[in-house]
Novice: 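One structure follows; several queries about it will come next.
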Amino acid sequence: MSATTADLEDARTDTDVEHHEVIVVGAGFSGIGAAIKLDEAGIRDWLVLEAADGVGGTWHWNTYPGVAVDIPSFSYQFSFAQRTDWSRTYAPGSELKRYAEDLVEAAGIRDRMRFGCLVEGAAWDEATTRWRVRLADGTELTATYLLNASGVLTTPKAPDIPGIEDFAGTTVHTARWDHDLDLTGKRVGVIGTGASAVQLIPEIAPVVDELTVFQRTPIWCFPKPDAALPGPLRLAMRLPGVKQGLRLASQAFVEVTFPIAAHFHSYVRIASTMEHAGRLWLRSQVRDPEVREKLTPSYGVGCKRPSFHNDYLATYNLPQVHLETDAITEVVPEGIRTRGSDGESLHELDVLVLATGFRVMEPDSLPTFPLVGADGGTVQQFWAEHRVQAYQGVSVPGFPNFFTVFGPYGYIGGSYFHLIETQVRHIVRCLEHARSTGAARVEVTQKANDAYLASMLERRPTQVFWQESCTGANSYYFDQHGDVGLRPGTTLGTMWASRTFPLDAYTFQPARDREPAATG
Ligand code: NAP
């Protein structure tokens with residue numbers, strides 16, 4: 001009898017295919033943090049697969065003029081690798097990229113990272129209790145555990161505007177900036193007014209001949225307490241307790257202005273105070289009342305992600321900068337056509353900048369590759385059919401030995417570093433327990449998942465997203481089901497949960513007989 005394809009594939013798994021205990025997808029801060037913590041736990045047979053040719057994720061890909069973080073640097077870093085030499089209160093993107101490089105060097109983990117490897121798909125193989133991971137070049141690898149660290153603001157999105165491919169000038173997306181592109185003296189159009197545009201626009205406005213910003217929904221923009229960190233302060237940060245104190249203060253600021261304002265909106269009306277402050281700031285920055293009116297959001301603060309910049313709004317005072325709020329009808333070779341109450345207009349352009357963001361909360365964007373589970377369906381289909389859900393934002397029933405750093409109802413909306421640390425702690429607890437009990441198959445129970453989802457839905461009415469004022473926000477927070485997969489909670493709450501979630505939320509099974517192993 002000749003061997004079936006499946007037999008051949010199984011034979012290949014045992015002999016030829018490269019296998020690791022853990023494959024981590026992504027060498028951004030999530031992947032780096034996971035790799036460091038896996039090593040610390042004594043789990044050393046891991047491999048990071050990264051599509052780019054370097055580490056840093058977001059900060060590798062996003063290099064547009066003005067790119068910087070808008071969470072203070074004191075809390076936008078790992079608690080276990082705190083720097084004392086940030087140049088500013090809000091680090092520029094290049095410094096964050098360097099931070100990623102330094103973490104990898106200091107931990108000595110680069111030799112277990114493979115670059116230029118785009119993961120194209122992964123499928124659970126019940127017969128071998130392994131994940132089969134397929135790369136774009138056709139290579140297949142296997143892993144006992146698959147850890148998704150591919151991020152959430154990963155795949156750039158082009159706008160769904162007719163003719164977008166027909167533009168005869170140069171088109172560039174903020175997330176794939178072309179540093180050979182010289183905008184001096186050019187007629188430039190920017191589509192989008194999200195966080196990327198807010199940082200880019202003030203940088204390019206002084207050099208261009210004409211800048212037209214095509215705005216669909218205005219963004220709430222607040223001043224940013226961004227300042228150079230003087231040498232003496234950086235020296236003082238080396239004294240015992242100083243950097244920790246600054247981190248604590250910065251974390252408290254982020255906590256109040258992001259998660260607490262958003263999730264406990266019904267109790268603490270911080271959002272309306274921020275709205276008032278936002279209007280005052282706008283009035284102080286923009287001279288023309290008509291332009292000011294156009295820049296004023298009609299939705300409440302927090303319904304979509306606000307932005308922070310000291311020069312963005314004032315840029316609209318410059319004579320060469322125009323704010324266009326008429327709807328875009330099409331892109332043509334010469335530029336952009338819009339239609340408003342005064343009729344149609346053609347905006348002739350040399351360069352078109354797409355500041356149109358990423359595919360977020362779309363069924364097939366998380367993870368960035370199809371993930372086939374135990375029943376042969378993908379996690380993307382599961383979420384599309386049953387709403388997004390993941391136990392503590394980490395694991396999904398039917399997808400054994402799969403964990404994700406950024407899953408539905410995992411992120412509270414504060415610093416990503418805090419998210420990475422809590423989610424990785426959760427994952428490492430599972431892997432350590434599996435090791436100590438000899439388990440080879442780890443799966444979250446349906447019961448634990450259902451209870452967690454129910455608790456998220458039960459707690460969400462206090463969030464800002466469900467207020468009447470959010471209807472006009474056009475926010476990527478909302479998915480196709482109208483759900484917002486942000487975790488209603490606090491930093492302390494999520495830290496506590498990652499340390500104390502009951503291990504019997506999972507089944508731990510040995511490889512062969514699948515008898516459940518004892519839980520701790
Ligand atoms: P974004 O927030 O999704 O903004 C995309 C912009 O493009 C929006 O203004 C959107 O308008 C507009 N747009 C999309 N399709 C359009 C169309 N067909 N016609 C007209 N306008 C269209 O993207 P982003 O600015 O790149 O930011 C994404 C996220 O990245 C942020 O929310 C933030 O989380 C992160 N980020 C962080 C930083 C930082 O920390 N400093 C910097 C940049 C980005 P609508 O609002 O009407 O949809």
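Along the sequence shown, residues are numbered consecutively beginning with 1. Both counts, for ligands and for their atoms, begin at 1 and track the order of listing.
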Novice: Are K224 and Y312 in a cation-pi contact, defined as NZ or CZ under 6.0 Å from the six-membered ring centre and within 45° of the axis?
Specialist: no

Novice: Considering only heavy atoms, which protein residues lie less than 4.0 Å from any atom of ligand 1?
Specialist: Y64, A68, V69, D70, L153, P159, D160, I161, I191, G192, T193, G194, A195, S196, Q199, R216, T217, K304, R305, A355, T356, G357, F358, N474, Y476

Novice: Are E105 and R98 within salt-bridge range, i.e. N to O under 4.0 Å?
Specialist: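 No, this pair does not count.
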
Novice: For a quick check under 3.5 Å, do T329 and E344 share a side-chain donor-acceptor pair by atom type?
Specialist: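 Result is no, nothing qualifies.
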
Novice: Between S365 and R359, do the side chains contain an N or O donor and an N or O acceptor separated by less than 3.5 Å?
Specialist: no

Novice: Do the side-chain N and O atoms of H309 and D226 include a donor-acceptor pair separated by under 3.5 angstrom?
Specialist: no

Novice: Do E330 and R337 meet the salt-bridge criterion of a basic N to acidic O distance under 4.0 Å?
Specialist: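 Salt bridge between R337 and E330, a charged N being under 4.0 Å from a carboxylate O: yes.
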
